[in-house]
Every structure is written in structure tokens, then in C-alpha cells.
Amino acid sequence: MVFFAAVVAHFAVAVLALIGLRRRPVIAACAGLVVLAGTALVVVTQAIGATSAPRKTIEWLPLLGFNFTFQVDGFAVVMALLVSLLGFGVLAYSIAYFEHDATFTRFVGLFMAFAGSMTGLVLAEDLFTMFIFWELTSVWSFLLIGLHDKSEVARRSAVRALLTTGAGGLCMLVGIGLLQNQFGTTSFAQLREAAPTGKMASVAASLLLLGAFTKSAQFPFHFWLPGAMAAPTPVSAYLHSATMVKAGIVLLARTAPIFGDTGVWRWWVVLAGVITMLIGGWRALRETDAKLVLAHSTVSQLGLLTVLFGIGSPYATYAGVAHLVAHAIFKAGLFLGVGVIDHELGTRDVSKIGAARRSVPVSVVAIGACLLSMAGIIPLFGFATKEKALVALLDAEFGLVGSIALWGIVAGSVFSVAYSVRLLHALVRTPNDSASNDEHHAHHEASALVRTTLAAPVVVAAVVSLGFGFAASTVGSWLVSPSSALDVKAVSKLALWPGINDALLISLVVIAIGAVIGWKAPLEDNSAQQPQGERVFDAVYDATIAGAKRITAVIQPGSLPIYVGVTLLLVSIAPLSATFVDGFGSLSGLTSGTALEASVSIIAIVLALGVAVLQSRFTGAMFLGGVGYAIAALFALRGAPDLAVTQLLVETLTIVVFLLALRAMTRITTRPVARFPQITRMFIAATVGIAIPLLALAARDARTAPSASQEYFARSVDEAGGRNVVNVILVDFRGFDTMGEIVVLAIAALGVANLVRAAEQHRRAAISVKEVAGS
Amino acid sequence: MKLVVTICLGLLVLAGALGVARIVRRSTLGDRAIAFDMLTSVLICSLLVSAGYLRDGLLLDLAIVLSLLGFIASVTIARFIEARDGTE
Amino acid sequence: MSSLVALPILIPLVAAALMLVVRNLFAQRAISFVALLSSLATATAVLVDVWNTGDIAVSRLGGWPGSFAITLVSDGLSSVLVVVALVVTTTVLLFAVGQQTPDEHSPYYHPVYMALVAGISQAFLAGDLFNLFVAFEVLLMASYVLLTLEGNRAQIRSGTTYVVLNIIESVVLVMAVGLIFAATGTVSFAELPERIAALPDGVRMGLHLLLLVAFGIKAAVFPLFSWLPDSYPTAPSSASAVFAGLLTKVGVYCLIRVQTLLFPGELSNVVMIVGVSTMAIGVLGAISQHDMKRILSFHIISQIGYMVFGLGIGGAVAIAATIFYLIHHIPVKTSLFLVEGIIERNTGSSSLDDVSGLARKSPLLAVLFLIPAMSLAGFPPLSGFLAKFALVRGGLSAEQYIGVGVAIVVSLLTLVSMVKIWVGAFWGEVAPTSLINSVGVLRQHRSMATATAILVGFTLVIAVAAGPLYEFASRASDQLLNIERYISAVRSAS
Amino acid sequence: MIKSKILEELIDRWLTKVGTLVAIFITFRGHNAPGGGFAGGLILGAVFVLQYLAGQQPTIRRKPILNPERLLGLGLLLALVTTATPLFVGGAPLESYIWSITLPQIGKVKIVSSTFFDFGVFFVVVAVVLMVLTFLGTRGGAISHEPTDGAG
Amino acid sequence: MSIWAFTLIAVLFAVGSYLLMERSLTRVALGVGVIGNGVNVLIIASGSDAGEAPIIGREGVLADPLPQALVLTAIVIGFALLTFLMTLAWRNWTITGNDEVEDDVEDRMITRRAEQTAKLGDEPHPEDVQT
Amino acid sequence: MNDVFSTLRDVLSAVLMLSGSLLAVVSSIGIHRLGSTRARMHATTKPATLGVLLCAVGAATQFVDVSDIAKVLVVVILQLVGAPIGAHMLGRAVGGK
């Protein structure tokens, strides 16, 4: 319960920052820091004290199996610690970073909301719970990428990120639905017991993978992550390197034990991971913006993690957890470090960042340490974890997939060494044009406090990377509990010096090749173009919109007659289909009728045709009145005098209304407008005309039960006190219909009055405008 | 009596048919109005005849309404003609 | 309890009649609020009763026994919809009053609005096909007047489309009712199921299709929806908010009745196909637009598609999901239109070309938009997500994979268009042409903002209280599927 | 519009009176023979239409009816009150009650409460006709001669 | 149902539908009137047999009063609709000088854009590119 | 006595009705045969009104109930009052055409 409260506290601070403390964001940020630290503390104490993992279920929508289930197992502890400690560092850093930025309020609010969601995500013990926080992180990430919403790049990138992760999330949703449908549960533990197999399970697994891939920017969805770098540095550091992108990895880690053996799973994961690793590495070597280099390196490292968790062997899982931690630490340090340089120099161009050596030497050294950790150089933590990864893959026995994974990782490692070295190179090199930097420097005099605050987290990250490296075996033992939470067999250890083995040899070769490539790699490569993935995304987006327009243009032409035509056609389909099912048998039910009925009907028919043929509007109205009179006669003949009287009166009034409206319209300007083709109209009219009486005939023939009117006859005189049954129905048995009817009549009158008033007002306005213009 | 009523109704139907013919034929609004007027008269006549024959008071109600409305219709048309001619 | 059932219809009508006599604007406002709130109170009492006892409340108009006279029937679905409708209409009224535009000052606005409310309540409560038609006429006639309240060029044009197509709907509906009477000899919901079941296949199908077309026009399903996006955007925003939120849902409600009570389970494939194509076509329309009101209008159609799809799947699970969707969607859609109304009131435009940078100007407005928008797009933990997921699960358990696939893609496209509004109107530089002044958007129009906030809060309540609410929906769905229960409740109630 | 004095007299003296009588008669006996509030209201409406078409202000007993909206509201109220009153005495809405009253000279008369409902209908119908005449007729006719541009 | 009623219904519905597809609002209103009459005849002709007026005390077979009551309601509602529609037409005339329904402006715009994009070969309209 | 009376009544009403119907036919022929609108108007409204009156009296003889006879009377009054008004206005509207 305490950790749930911790999650809630995040959101509380978020709301506070967005609404209550809009003018004092720093206070809100401090509150956030307290919450983050508190969360870390809570998680640690919960984990240490408990013998089994503490667990909490909060019912939400039990009928659909929607419940929040949290469990603080080892893996969750590590992840939660990462989230809150890195969050603490980044938030502290951001106070300085956003010193003069009006968006800080928004940042703090969204940041805390994000941190809360992320904490919820990693603590989730249930696919469904995870999904909820998963989607929330997408939304916060969207809003954070677009924090500087005046920049078009930021807006576009935010949209791409949201739509990509959103699409993945929807796939995941279907996957969850399938699993829940099949196995009645979404809990990780219960699903593992259910051991889903079969077609449905592999479809579900694939859908979940799509979710994970989009979130963790795996091929082919890797494009959005570099774009997300449009966000301010703290956002990039936290969301897009250390935490949110790990959500996909968390999902993989949690589900690998469930689906690891469902055939497609391992192939999918390994292939996507390897390709991503290579593409990310390649692009990281070519970018000139240091932040983008880091972004691509993140993509590449995520590929590595994907492979590790996807392979799903105990060792690989252990290695995955270890590398996850290592990556989070050094990557956060790197991003924040680049932020420091950016803050200092006003540029992130790799050919210029060398100048930072002079102004922020401590930070640059710290960045260097982080880079070495990323390259996997002894004695930094990154070395130990990467070694473990290689060992795990060398040990794993997965045939072709295993080999692909192994050599993929080897190739990927070459890249990671190479881009790390390239950045190192950039840092130690003295840039050509230092003049402009000095100038920039001049008007960017930050206070000492700010500089210290900015540098501190970077240094901490570097120190931790180094410290964990030296204490690899201790840290390794800490990691046993997390990885065994995922897979009970995943018990292993880390070592700073593993001894000479295949993995070490491979590493040495990798480092050698990578270092050479990285050092030689050009820093001023300016072949930067829009990445393929983004272009594909934009093309798909634009094509969707264009296609939608074309379809809409056909379906929604804006022409009333066409709408009416379509509707009428549908109206006639109903009776016709009925006739085709039942046949034309009911036609034999037609009687010849009396001569009087015949003559009245003929008069009505002739007049009705006249309405259609005659072009004059008022004559049409007259004919309509004639039709009405004839029909009144018909009613009279059929024993409906009430109806006949009302019909007569109403028809007369109708003519009067037509007169009142039309007498003004005697001068009508008819414009040449596109009309509905005559022949189509006639066809539709004929269909309706044939279809409906046929249905009427069939319906009449089908009557078996007596009419409800029996009751009316029986009760009319004694209980309702009237002999005219029609009237008694109108005012008593079905008086409520009449009630509604007079309301309709009244509103229609109000509508008429309203329109006339509107006309008067508009006319008055027009006249006064004219007068003003005249005077 | 039945024969007489049948003859009467036959005559009235004939009159009605002629009236309808006048209306349907290409004619001016005024002519149509007159024919319309006449048609209501014919209808009233037939109602009265049938009412007398059947001794049914209900039909007389109809006749009352119709005789009230008959000339409202023609007055309406007249007003329309005036409005139209007035603006031309 | 049964004596209270009729009050949500009668109270607004009495108020409307009173307001024709009392023409003072402030008196009208007071009467309106009193009427709506007291209706809400009675409707809530009925809802609570229905919830607690699980019974069906029946009011017999005229006190006639049996089912030959008119009855008002408030089962689970009806009672909850009446309450939701009254909540929505009350808040929208608050919005309209706060709008300070001439349209509310028309002496006819309040009475007609009350009639609209009465019509909506009556449509939900009608236990009789013809009475349902009359209720439709009341609400349609009122909507015609509200739609053309200002009587300007755009409103007349779009009003014409709306009026003509809805008149056709009325014609089809009354024709269907007449033919159903011809075939069965009754129009009471309690008598119809048995008699309809006894009809020959063809007649049954024909009558069923006619009803589907009639209600389909009102619910704006493909291919009968075209009137909606052409007419709602020009209406006064307080009117279009109610229309968007409620009127189409009345159509959906009737479709539910048709599919569960009158023609249980028949033609469900047709309904499903219609639902799927409606959601797809609707959303395609939405992403092609460049005007907020039109985007939102097309979304109504798309969302209706979801509900119709759920209805087509049939069965207790899917119908419960449909009911939940219905309940969630009414306030969500209304609040989106209200937000749009605030924007339009402040900037004078609803086109994405003219509006931008609102998040900077009014963060609260941004939040008020974002919550329902994300709910509409199906983001957890908002109500829209639950509704959508419930439907998806219903579809999956019925193995309607194509439908579910379309639903998912449509969901993404919904997100696309919501993002389009967000990016266009809320992000970016503050448009120089906009009329927003420095005081802030919401401070000026406090009651508009309050109304919107109440509705948004209501959507959040739906999300938080989803557990009991969904339980209620599923009980209502069981009630719908248990036709005998309905029949005996109507026939035997005192 | 009617210039002839005699015709004006005819309308005033005869038509209006006869028409009103017929309307009231038809309304009252609706429960037992064809007629009722609708028909009666429409007949009285038709009389007003005639007065209007003859160029006069619709009047009853030489008193012009100036505020049809109010009449509309009152008619609706009457119908609604009849509908809702039984609720207060524990009945169902619209429930009808029959009272037998012995009047001097006329004898026993059955009064059915739903008759009041019919009166409500009658007033509504009359008011609607009057409103159409006032608005679409008089006021609409005054502004309809040249089309204004829709602006404003 | 007699053959005459059948034909009359057919003609009324056909004529009504035909008129409904017009652009002139007055003609549309005429169509509504005609089709409304068609519906009324339809309900009476299919809902009950011919008979004596349903007034208790009259001799002979009385006609079914329920369809009559329904149609009576329908007639009055139809009148209300028609009145409003004609006022709409009148108002339309005071604005545009005619009573014809224009096409929806926004829809036309989409159509035009769709046509343009079709011509340009899938290049989207500049306004449609996401921003 | 009764028989004679009723026969006499029947004959009377038969004559009245027949002549009324004949007048209606005459006027309907008139609207086809006469030359100008104005002439047609005069030629038709008068016989038609008279026809109605004759029929009304003819029908009235068949009724015994006071209220029914009163109804016939109302028809007659309305015809007598209405016909000239209608004719007058129509005449003015049609003008000299």
C-alpha cells in the first residue's frame, strides 16, 4: 500500500505543479524531489524487510478483470530505484537547466506525472496494469517532447512519437485482450503457469512484441526516438534514454518467460534487436549533433537489451538486467553532460564541443568516463555487463537464432565502441573556430550554483559507473534477486576481471576495431538527411490523409439531393428484400374496391402526378391540397370521419401556409446548380413507389393476432366516458401521444416565430449598417 | 330512392371529373381556383346526397367543415394571385 | 417509484409552457434550472430504485391496466440514460447561460430547450413504438428550432439538410410503426416481441430493416450519416453540444431496443457490418477535416460505429460494453463540443487555421480538452479506454477479428485527429488573428468553464466508478436480453 | 383588403360567429361523436385565417388576440395540468375521472376530466394558427419584398 | 386493401420521393406533403378494414379506431413539419433570393482538395501536412 | 298516413337532389365552355352554390333529428355567406382577364 501511495504522490505533485504552484515551479520541483527520494526509500525498505515480494491488488473493474496489481519483486525494485533515483538527479539538474524558462512549470508537472506513471509501470504485476501506465507514459512523453511547442520540429516529433507508440499500444491492447479471453487472466505469474501455446498465443505474443518494439524504438519503429531529441535535455535524458524506452524492455523481460518458447517470439526479438543495434550504431557514427549521436546510441543499446531479454536464457536475463542498469546510469550521465556543454557553449555540434574542455573540465571528464562505460572498457561498469552478455550468448544453445544473436551483438559492440570513441575524439579535439564560442560564452554567464547543480548529476553518474565497475561482484550479487524474479534460474555473478576466456578475446578484438573506426570517423559529416524511418512515417501519414480525403469527397459530397437519394434507396431495399423472401403471394389479397373509392383514388393519383409535373410552386401546393381533399374523402369512405375532418382542415391550413411563404417568393432567381440526374431520380422514386405498397400488403396479410382496439371498444364507454373511440383514444388511452403532438405543434410555431424574428433582426442590422455607411 | 341517389352521385362524379380535367389541363391559376371552388361544391353536394340517403349525421359534419373551407381555399388562391401580380 | 417515471418528461414540459407565459429572461433561466434539477432528482431516485431492486419501473399513463394503453418503462438502460441525459443537459444549460450571446436571449431558447429535454427523456422511457415516434418528433422539432436559432445563412443551409433528412427519418419511422401495427395489431413493446416472432420471415425482415433505416438515420450510421457533419458545426455551440452528445445516442438507444427487444438477434451481421463501416468512414472523414467542429462531428459518427458494432456482436458481454460505451460517450462528446464552444467564443473561429497556442493562453482549457480527447481516443485510464477495451474483448470473444482490427485502426486514427486538434489549436504561437485578450480565456466566462469542468469531472467519475457502473451496465444488458421479464413487468405492474 | 362594407359585415356578423359556434360545438361533443379539440381548434383557426385573408386582425368578439404565445403557453399548461394532476392524488398521469353532475333544466351531465385535456389541445391549436398568421403572415410579409443579403 | 389504395400509395410514395430529391425547398416541402399523405393512406389501408365510424352505438362493423388515432397524430405532426419547412424556405429566400439548397461549403472544399491531390499525384495539399 | 308522408318526402328530396346534381354538372361544363376567366367565374359559382343549396334542402327533408337539421342549416348559411366572399375576392384577383 505504501508504494501505491508513493505512485499517487507523484501525481499529486504533478497536479500541484500544474495548478496550485504555477508561479512557483521551484517549490513544486522541490516537492517532486522529496517524493522521488521518498519513493526510492519506500521501495528499498519494502524490498529489504519482506520475505516474499509485497503485493497489492486494487479492484477497479472486476467484471472485465481490470484490476491494478502491483508487486515489488527484485526486478521491480531495481527498476523503481532507477526511475526514482535518476528522476531525482534529472529533476535537480533541471532546476538549473530551466532557470529562465517559462515552461518549467509545465515541465515539473509533466515530469512528475511521468515519473509516477513509470513507477507504476515497473511495479505492475499484471499486463493490464502495466498497459495503463504504459499508455500514460506515451501521453506524458508526447507533451514533454512538445514542451517547446512553438518549434515545428518539436511538434512533429511529438506527434510521430505519440502515434508510433500509440499504435504499438493498441496492438498490445489487442494482445492483452486475446490473452485475457483465452486464459482469463493478465497476471504475469498466472500467465506463466498457464503456459500459453498455440496460434492464439503466438498472435498475442506478436502483438505484445509490437507494443514493446514501438516503445523501445526497435526496428522498424526506431525512427521516433532520435526525433524525440527535440525535447529539452532533461527530458531526453530521463524519458528517452533512461526510463520510458526501457518500458518495452521491461515488458520483454516480464513476458519472455511466458512466451520464450512460442516459436515466433525468439526470432522476432532477436532479428529486431540485431537490426536495430546495427542501424542505430551506424547512424550514431554519422550524426553531427552530439545529442542525436546519443539518441542513436540509445537505439542501438536498446537493441542489445532486446536481444538479451528476448533470448530468454537465464544467463542472458541476468546479463540483460545488469546491462539495463549500466546503460541507464551512463546514458543519463551522457545526456546530462551534453546538456551541460549545450548550456555552456550553445552548441552540440560534435566538431565544436571540444571547446568545453576549458570551461567545464570536470563535466567533460565525467562524460568521458561515461563514454568509456558505454564502450565497455575496463574498469567501468559497462565492461562487466557487456562481458556478461557475450558470455551468456556464447553459452546459450539456440541454434541459428543464438548465432545470429551472438554475432549481431559482436557487430553491435563494434559500433558502440566506435561511436563512443568518436565522441571521445570530439571532446579531446580542439575545435577550429573558438572565436564564436567565446562570444557565446560572454553573454551566458551562469552562476556558480547553477553550474554546480548542472554538473553534479553528470559527475555522480560517472562516479557510479566507475564505482560499480570496481565493485562489480558486489553489484552483481545485488542483481541476483532482480533477475531471479524474472527467471528463478537466472542466478549468476559479475566480475571486474572475468579471467581470460572467449568473451574477453572477442571483446578485445571488438574494442580494437571499434576504436580505429571511431577515431577515424569524420566529425563534420554533413550528409544528414531526414532518416528513412521518418520519411516512411510521413509518407504513410500523408497518404492516409489524402486517401481519407478522397473517400470523404465521394461519400460526403455536401449535396442534399444525393443524401436524400441514398436514403430513399435504402428505404426501398427493406420492402423489396421482404418481397423476395416471401414472394408475391400477398398480391392476390388485392380487392377491386368500390366505384366511389376508385374514382376518388383516381382523382388523387392524377393530382399527385400533377404536383410532380407542374413547375409552378403554388400550383403544386394547390394540387397537394387537392390530393389531401381526395384523401379526406377516402377516409370518410372508410369510416374515419374524425380523420376526414382533420385532414380537410389541415390540408387547407397547409395551403394557407404555402401561400404565406410563397407570396413573397414570386420573384425567384434560379441559379444553374448541379442537379441530380433526372433518370436516377425517377428510378429511385419508382423503386420506392413499388416497394412500399408491396410490404404494406404483405404486412397486412401477415396479421394473425387481433388488434389492440378490442380493449378500447370494451372500455371506452364505461371507463373512459366517451362513445367516440377515436377521440377517447386521443385524449385518454393514448393521451400522451396527443400531449407530445401538441408540444410538437407548439414548438413548430415557436420555430416559425423565431425564424421570422431572425429575419427581422438581420434586416434591421443590414439597414443600420447601410445607414452608417450612408452618413 | 337508391336509383335516384345513384344517378345523383353519377352526375356528381361526372361534374367532378370535368372539374379535375379543368384543373389538370394547362390553365391559369384563376381558372384552377374556380375549378377548385366548384370541386368543393361538388363534394359538398355528394356528401349531402349521401347523408340524406344514409340518414347519417356524421357526413353533415364533413359538409360543414368543407363548406367553411371551400372558400378559404379560393380566397387563399385569390390572395396569391394578387400578391404575384402586385409584384410583377 | 413508478409514479416518478413520467416526471422527467412532464416537468420540463410544464416549464416550457410556463416560459411561454413568463417571458422574462431571468425568470426563464430560473425556471429552466429548477425544472432540470428537479427532473434530475426524480430520475436519480428512479435510477437508484432500479439499481437497488433490479426491477423494471413502469408508469401507466391513464392508469390503464395491461399493455394496450401507453406505458413508460424505466429499466436499467433507460433509467441510467435519462440520468446521464439530464446531467448533460443541465450542464449545457449552465454553459449556454454563461455564454452571453444573443441566441440564449431569444425568448424561445429556453422553452424549446426544455421541450428537447422532455423529448429525449420520453424517447428513453417510451414503452410503446408510436409513443417513441412522438417522442422523436418532439425532440426533432425542438432540435430544428435550436439548430436554426440564429437564422443566419450558414444555419439555414445546414438546417435545411438536417431538417429534410430528419423528416425523411420521421416518415420512415411512422411508416414502419404503421406497418408493424398492420402486421401485429399492436404498438406496445410488451406485446410486440411475441407477435413479431410469429410473422413470416420476409415481413419480419422488411419491417426490421425499415426500423433500422429509421433509427440508423437518427444514429447517423453509414451510409445515412451525411446530414450530421453538414449540420452540427453551424449550430450554436450550446445546441450542437447537446446534439452531439445526446441526439445520436437516442438513435443508438432505439437500435439497441430494436435489436434486443423487437427483433432479438436478427440481422446482426448487417448491423455489425454497418457498425464497422461507420466507424471507419467516420474517422476517415474526421482526419480529412480542417475545422474543429467538423472533426468532432465526424467523430460522433465514428464512435457511433463502435456502439453499433458492439450491438451487432450481440450477447450479454458485448451489449454491456455497448451500454457502457453509450454512457461514457455522452458526456465526453458533449464536453469536447463545449470546449470547442469556448474556443470559438474567444477566437471567433473553429478552424484550425485561425486558432493556435491556446495551451499557453489557458492551460486549464487545455486540460479540459485533453481529458475528453484522450478518453475519446481510448487512452487509459479514462473511461473511453474501458469502453473500447470492453468492446474489443466482446469482439474477440465472438471471434470478430476483422471488426476488432478495424476498431483498433480507427482508434489510432481517432488519436491522429485529436492530436491534430491539439497540435493545431493548443500548441504553437498564439495566433495573431485570435481575439483572446490578456485576461485569460476562462476567467471571462466562468460559468462556461464551470459547466465544461463539471462534465469533464463527470467523465472522470465514470472512469473511477467504472466497477459498479459496468456491473450496472451488465445487469442492464441481462435485463435487455431477458425479454420475458420486460413483458411481464409491463403487463403486471400496478 | 376587402373594400366592400357588406362583405366585411358578412364576415364579422356571420362567419366569425357561426364559425366560432361550430368550433365550440365540435370541441365539446368530441368525446361522443366526430370532433374534439383538434378539429374544433382547427375550425376556429380557419375562421381566423379567413379574417386574416380578408385583411383584418384576427379577433374574437371584436377583441384582437395580441399575444398568441401566451395563449399557446396557457393551452399547453392546461393540458399538462390535466395530465399531471392525478399524480398529486395518487393516480397515474393522465388518469381520467368521471363526475356526474345534475344540472337544473339540462339534467344529468357526465363530465370527464379528459375533456379539459381536449380544451388544452383546442387552445394550442388555435394559438399555433394565430402564431403562424402573425409571424409568417403579418410580420414576415412586411419584410419579404426584397431579399437582403444574409450578412449580419 | 383494394387495388386502388395500392396504386394510390405507390403513386404518392413515388411522387413524394421524386420531389424530395429536388433542390428547391418548396418542392421538397411538396414532396414531404405528398409522401406524408402516402403514409397516412398506407397506415389506414393496411391497418384496418373499411367499416363504420368507430363510435359506439353505431350499427355495422366498426372500423379499427387505433390506426385512425395514429394517423390523426401523424397528420398534425406532418402539418407542423411542413409549416416549419416552408418557413425555412421563406427564410432561405430572404437570404439568397431563392429557395434552393446550396451544397455544403466545407464538403465542397474537401472534394476540391481531393481532386487536386489526385491530379498532383499523391502530393498532399500543403495545408494537410501535419504540423 | 305515414307512408304517404314518407313517399312525398322521398319524391321531394329526390327532385331537389337531382336538380342540385344537374346544376353541378352544368357549372362544370361551364368552366370548360365559357370564354374568359371572368365569365367562367360567374357562370360556375352561381349554379354550383345553388346546387349545394338544393342538395342541402333535399337532404334536410330526410332527417328528423333537430341537431341534424341544424347542421344542414349551418351548411346553408356558410354557403350563402362564403360564396360571395370567395367570388368577390377571386373576381378582384383575376381582374379583367
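What you see is a predicted model, and the numbers here were worked out from it, not measured in a lab. Every chain is numbered from 1 and lettered A, B, ... according to where its sequence line falls, protein lines coming before strand lines.
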Enquirer: Give the minimum heavy-atom separation between B/V4 and F/A14, together with the two atoms involved.
Expert: CG1-CB, 3.6 Å

Enquirer: Contact part of B/A21 toward chain F, heavy-atom cut-off under 4.5 Å: side chain, backbone, both or neither?
Expert: both

Enquirer: Enter the distance from F/S21:OG to B/I7:CD1 here, rounded to the nearest 0.5 Å.
Expert: 9.5 Å

Enquirer: Relative to chain B, which of F/V74, F/V26, F/L18, F/L54 shows the most heavy atom pairs under 4.5 Å?
Expert: F/L18

Enquirer: Please round to the nearest 0.5 Å and tell me the distance separating atom CG of B/D61 and atom NZ of F/K71.
Expert: 3.5 Å

Enquirer: At a 4.5 Å cut-off on heavy atoms, which part of F/I77 comes close to chain B: side chain, backbone, both, or neither?
Expert: neither

Enquirer: To the nearest 0.5 Å, tell me how far B/L12 CG sits from F/L23 CG.
Expert: 10.5 Å

Enquirer: I'd like to check the side-chain contact (heavy atoms from CB on, under 4.5 Å) partners of B/S41; sequence neighbours left out, ordered by chain and number.
Expert: F/A48, F/V52

Enquirer: What residue in B/A35, B/G10, B/A15 has the most heavy-atom pairs under 4.5 Å with chain F?
Expert: B/A15

Enquirer: Checking heavy atoms, do the side chain of B/D31, its backbone, both or neither come under 4.5 Å from chain F?
Expert: both

Enquirer: In the structure I gave you, are the side-chain heavy atoms of F/M17 and B/L48 within less than 4.5 Å of one another anywhere?
Expert: no

Enquirer: With respect to chain F, which residue among B/I72, B/V75, B/I64 yields the maximal number of heavy-atom pairs within a distance under 4.5 Å?
Expert: B/I64

Enquirer: Side chain, backbone, both or neither: which part of B/V42 has a non-hydrogen atom closer than 4.5 Å to chain F?
Expert: side chain

Enquirer: Tell me, for B/I44 versus chain F, whether the close heavy atoms (under 4.5 Å) come from the side chain, the backbone, both or neither.
Expert: side chain

Enquirer: Considering non-hydrogen atoms only, spot the tightest contact between F/I29 and B/L18 and give its length.
Expert: CG1-CD1, 3.9 Å

Enquirer: Please report the interatomic distance OG(F/S27) to CD1(B/I34), rounded to the nearest 0.5 Å.
Expert: 11.0 Å

